[in-house]
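Some notes on the structure that comes next.
Numbers restart at 1 for each chain; the letters A, B, ... are given by sequence-line order, proteins then strands.
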Amino acid sequence: MSISESEENVYDVSAIQDKWLPIWDELRPFASGKEGDTRPKKYVLDMFPYPSGDLHMGHAEAYALGDVISRYWVQRGFNVMHPIGWDAFGLPAENAAIKRGLDPRGWTYDNIEQQRSSMRRYACSFDWDRVIRTCDPLYYRWNQWLFLEFYNKGLAYRKNSMVNWCPSCQTVLANEQVVGGLCERCDSVVTKKALTQWFFKVTEYADRLLDDLDTLEGNWPSKVISMQRNWIGRSYGADVEFEIEGRTEPVTVYTTRPDTLYGATFMVVAADAALAAELVSDSSPAIQAEFATYLEKVKQSNDIERLSTEREKTGIFTGRYAINPVNGERLPIWAADYVLADYGHGAIMAVPAHDQRDWDFARTFDLPIRQVVDTGEGDPNTLGFATVGDGVLVNSGDLNGLSKTEAIAKMTQILEGKGKGKAAKNFRLRDWLISRQRYWGTPIPIIHCDSCGEVPVPADQLPVELPSAEGLDLSPKGTSPLGGAADWVNVSCPKCGAAAKRDTDTMDTFVDSSWYFLRFLSPNSTEVAFDLEQAKQWAPVDQYVGGVTHAILHLLYARFFTKVLHDLGYVDFEEPFTRLLNQGMVLMNGSAMSKSRGNLVRLSEQLDEHGVDAIRLTMAFAGPPEDDIDWADVSPAGSAKFLARAWRLANDVSSSVGVDFKTGDKAVRKAVHSFLRDFGHNIETFKFNVGVAKIMELVNVLRKAVDTGVGAADPAVREGVEEIAKAISLFAPYTAEDMWAQLGHQPGVALATFASVDESLLVESSIVAVVQVDGKLRDKFEVAVDITEEALREQALASDAVQRAIGDKTIANVIVRAPKLVNIATK
RNA sequence: GCCGAAGUGGCGAAAUGGCAGACGCGGAGCACUCAAAAUGCUUUUCCGAAAGGAGUGCGGGUUCAAGUCCCGCCUUCGGCACCA
């Protein structure tokens, strides 16, 4: 081989990348929504990134996998919309701005440009005509519009509540920013603070959010469905009314165990609930003082203490008594912090015999424990723990002898008859706190007027644009930085014209991402949030791809928004994401990559070293997409080697474009078409690693065919290599495009549809039958596919190896599954 | 504590109840080369020279046949966690 020949034959990754990028810019193969496109639609969506810097390995995995799906459907002849945008509001921009004394805008838009350019190099199949950035007024104006739609429907409201507070950052934190009781950013211990905040009424949709999960079964990872079910946490039980001595109004408690009402020996109210303070206010000064001290301690407590499992129960006696509605017993009322103010009614009936927490409390304060369910384990008084299982009711009047389930039903009935209670349900889910005392977010479009109260900003005055950050103190101080923008805050009331002030809070960025998938339908509209006709055509999202970190919050909120939009008549579906794929994480040496761990792998360096295609292929081939990839365990060099091997094959093909494949070698064609059949199935079931393996197998078959078989000129070889180029295009678009060109085609392999499977080529005339003796493989031989059971049985028994294995044992049974298998069972 | 998922070669992993380990990484060997790289080919679960035997976390079960189904454990990972 001469030197010049060998140079032609070298797979030069960077040259290929440089060659095709500008051509694709011209070609724009992934523009969607052109007039008159008759292809069936498919909406494929990757979770949009936060512009925190350049793309990292995690993005590289997510977008590689999303691209496999998106490109696959294009090549199956679908009109695919695969848009991208940026979730561009949020704390990191603000923190960077504070640190450098800059406007968060500059930092954000710079990062977006960097990520956009990296995505182009990474050959993401995005439709670049549909880009959105949530920090554009063009976008967040519609957050405000939606907020007002929610507000008008009573789904957005303001209330005072205890929220997470970081004493060091001087700001409220979202639940997701509290990690193990510590502030995500500064590791300070998070405490609680009472503040008036905006909420969205997610709880009103709790039943539907839970029940509709059933419709996602099979199309969403079961893990995500069960996490959402747990998070919503519906429980069934009863509300029970207790008269309180010296109080006109009864107190209602929620219980899942109304059957144990005869076992109630005391009542507990949440120490930080209004009820506790009220009850104590009529007690002795000594109790009032004790309560005040206790309440102070409770307010100081933090999640670290709360999370401790060994924690002793604490509480104080309020000096008040409740009356058990079924037996008239006087129950002392305690205030404690193990009862939550914001769940149920903030008060419980304590049944220490059958609830471990009540048992612990009873033991700490020497309160009676009365068994009312015999579970067969014994008396909780002497057992040392509460018995919570099923059993037979005792010491319970009319309930005696009933099972737990029967007793729950009967007690509920009794209470309803007496007007002392009713069946009830409760949710773990709380309303969504959306206000943030932060600058870099969507301003809440409400004006506070002394005489008119909360006044929505009129629709024609939207958007309420963020004032310039210039001159504003963005540093955390417990109130929103927007409060410092006097010109912006002070307005006249839209209703009465008097002096009024804007709401200075901004919205949680999860609001932005709760409906962005609809904005892609008409990304630049100044008339509507999203075009209703376009929504009919494209939505809902057929395939959503993203990390499992968003399994609860983002997906729950987006589902909530969709249901609200449905009820408002804007969309005709109730679930936003028909199918969901969660990709795993990219690790290095067993743990998540981070600078502080010193195990950070830089995407840009990987791309420089191995090429875009090899990295993308490695992401897909490493294993099942939902599994984590440990970068130390995979071989981008191996991927590059395979791509070069496939590429050389295109180089070798010597037949010309348009040659009649039907004249090609049958055996090779059979391999090609059985590949086509398997590959499509693998991709559609997300077995990308297996799909890649199938391509490798076909490449190996064709390499052999070229070198030692039918030769490079056989039409079947061209047929095979063309399909390989198309298949590789899902993973390695540069290599595929270059192969396509070598094969003599015009640019645009990404739009080349797969050949349909020729079933006639797959019909087998013979097959290898296996013979087992007692389940163990003993022989195999080729037989005709239509061999009769008798003939196969005879042939199996005639085998020397089989006879050797049977030896002197007696044959008990012979199972024949013609033509594939014979199993001989001996005694 | 509650809910869920997963345990298969040296490694990443395949396997509609029907040949365990496809495909790849790594290893070994051969060819090409003055040589190396690259490439191509062969081989690679373990024990055994071989015949053969063992083998999918552990213990049972169903079945002609179990990595796969059922029961009971163990381990690892993820989520929730005083939710009455």
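- Looking at heavy-atom distances under 4.0 Å, A:Gln772 makes contact with a base.
- Of the nucleotides present, none pairs with B:U56 by Watson-Crick or G-U wobble criteria with both distances under 3.5 Å.
- Atom P of B:C74 sits at a distance of 50 Å from the matching atom of B:C41, rounded to the whole Å.
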Output a table of nitrogen or oxygen pairs between the protein and nucleotides 36-44 of chain B separated by less than 3.5 Å.
from	atom 1	to	atom 2	distance (Å)
B:U39	O3'	A:Arg648	NH2	3.0
B:G40	OP1	A:Arg645	NH1	2.6
B:G40	OP1	A:Arg648	NH2	3.2

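- When the P atom is used for both B:A38 and B:A28, the distance is 13 Å, rounded to whole Å.
- Of the candidate nucleotides B:C11, B:A15, B:C25, B:A15 has the atom nearest to the side chain of A:Val690.
- Within the 4.0 angstrom heavy-atom criterion, no nucleotide atom of any strand lies near A:Lys694.
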Between the protein and nucleotides 3-8 of chain B, are there any N/O to N/O pairs under 3.5 Å, and if so, what are the atom names and distances?
from	atom 1	to	atom 2	distance (Å)
B:C3	O2'	A:Asn230	ND2	3.3

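- Atom P of B:G10 sits at a distance of 23 Å from the matching atom of B:A6, rounded to the whole Å.
- Picking from B:G53, B:A84, B:G79 the nucleotide with the shortest atom distance to the side chain of A:Met227 gives B:G79.
- Across all strands, A:Lys425 comes closer than 4.0 Å to no nucleic acid atom at all (heavy-atom distances).
- Base-pair partner of B:G10: B:C25 (Watson-Crick or G-U wobble, both distances under 3.5 Å).
- Here, B:U62 and B:U68 have their C1' atoms 14 Å apart, quoted to the whole Å.
- Across all strands, A:Val339 comes closer than 4.0 Å to base atoms (heavy-atom distances).
- The same atom, C1', is picked in B:U8 and in B:C23; the two are 16 Å apart, to the nearest Å.
- Taking syn as a glycosidic angle within 90° of 0, B:G4 does not qualify and is anti.
- Rounded to a whole angstrom, the distance from the P atom of B:G9 to that of B:U43 is 23 Å.
- OP1 or OP2 of B:A84 sits under 4.0 Å from a side-chain N or O of A:Tyr343.
- Between B:C80 and A:Arg229, no contact under 4.0 Å exists linking OP1 or OP2 to a side-chain N or O.
- Of all nucleotides present, only B:U76 satisfies the Watson-Crick or G-U wobble test against B:A5, with each distance under 3.5 Å.
- Using Watson-Crick or G-U wobble geometry with both donor-acceptor distances under 3.5 Å, B:A51 finds no partner in any strand shown.
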